[in-house]
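Notes follow the structure.
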Amino acid sequence: MCGMTSSALDTCVLTYNGSICHVRSYQVLTLPLWVPYRLIWVKGYSHGRVPPHAVEGGDMVYVGRFLNGSDVILGKVDSIDQAFFYQNGDEEDWLKEGYEVLVKEDL
């Protein structure tokens with residue numbers, strides 16, 4: 001599952017079944033310098049579709065984002081539910097199109 005945290009939080013905040021959850025045990029995606037690829041954001045996908053080499057955050061769930069004005073909103077692209085899901089205050093919201101997908105690109 002994909003969530004969000006910051007140095008000010010002692011939990012990871014994520015959405016699950018339409019609810020906001022706070023978990024204390026979580027992992028953070030990092031990229032070591034020695035890997036033979038880089039991570040890029042790819043536009044142009046919709047309805048839960050993702051490009052080849054998309055970064056997976058769980059079973060058929062991928063790391064995604066969308067731009068809302070000057071805000072970057074992180075979330076998950078769910079290939080089964082065919083949408084991009086993100087946290088909107090205390091609720092989970094979704095988009096069918098207009099999101100980007102995090103992808104591994106060979107160097």
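The analysis underlying the following values was restricted to heavy atoms, covering all of them including side chains, and did not include hydrogens, waters or symmetry mates.
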Path from [X] to [Y] over hydrophobic side-chain contacts below 4.5 Å:
X     : Y      : result
Trp34 : Leu107 : no
Phe85 : Ile80  : no
Val35 : Leu29  : yes
Leu31 : Val103 : no

Crowded around [X] [atom1]? As in, over 12 foreign heavy atoms under 6.0 Å?
X     : atom1 : answer
Leu33 : CG    : no
Lys43 : NZ    : no
Asp59 : CG    : no

Over all heavy atoms of both residues, which pair between [X] and [Y] is shortest? Give the atoms and the distance, please.
X     : Y     : value
Pro32 : Thr30 : CD-O, 3.8 Å
Tyr45 : Pro51 : OH-CB, 3.2 Å
Val61 : Lys76 : CG1-CB, 3.5 Å
Gly48 : Ser79 : O-OG, 3.0 Å
Tyr26 : Thr11 : CE2-C, 3.8 Å

Atom pair [atom1] ([X]) and [atom2] ([Y]), whose distance is rounded to the nearest 0.5 Å:
X     : Y     : atom1 : atom2 : value
Asp10 : Arg24 : CG    : CZ    : 4.5 Å
Gln82 : Lys96 : CD    : NZ    : 5.5 Å
Asn68 : Ile73 : CG    : CD1   : 5.5 Å
Gln87 : Asp93 : CD    : CG    : 11.0 Å
Asp78 : Trp94 : CG    : CH2   : 12.5 Å
Thr5  : Gln27 : OG1   : CD    : 13.5 Å

A side-chain contact here means heavy atoms from C-beta on lying under 4.5 Å apart; do [X] and [Y] qualify?
X      : Y     : answer
Tyr86  : Leu95 : yes
Glu56  : Tyr62 : yes
Glu105 : Val42 : no

Item checked: Polar side-chain atom of Tyr99 near backbone of Leu74 as donor-acceptor pair, under 3.5 Å ->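 Not at all, since once roles are kept as given, no pair shorter than 3.5 Å links the two residues.
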
Checklist line | Backbone of Val55 reached by a side-chain donor or acceptor of Lys104 within 3.5 Å | finding: no

Notebook entry, point to check: Among Val72, Val101, Val63, which one satisfies side-chain contact (heavy atoms from CB on, under 4.5 Å) with Trp41?
Noted result: Val63

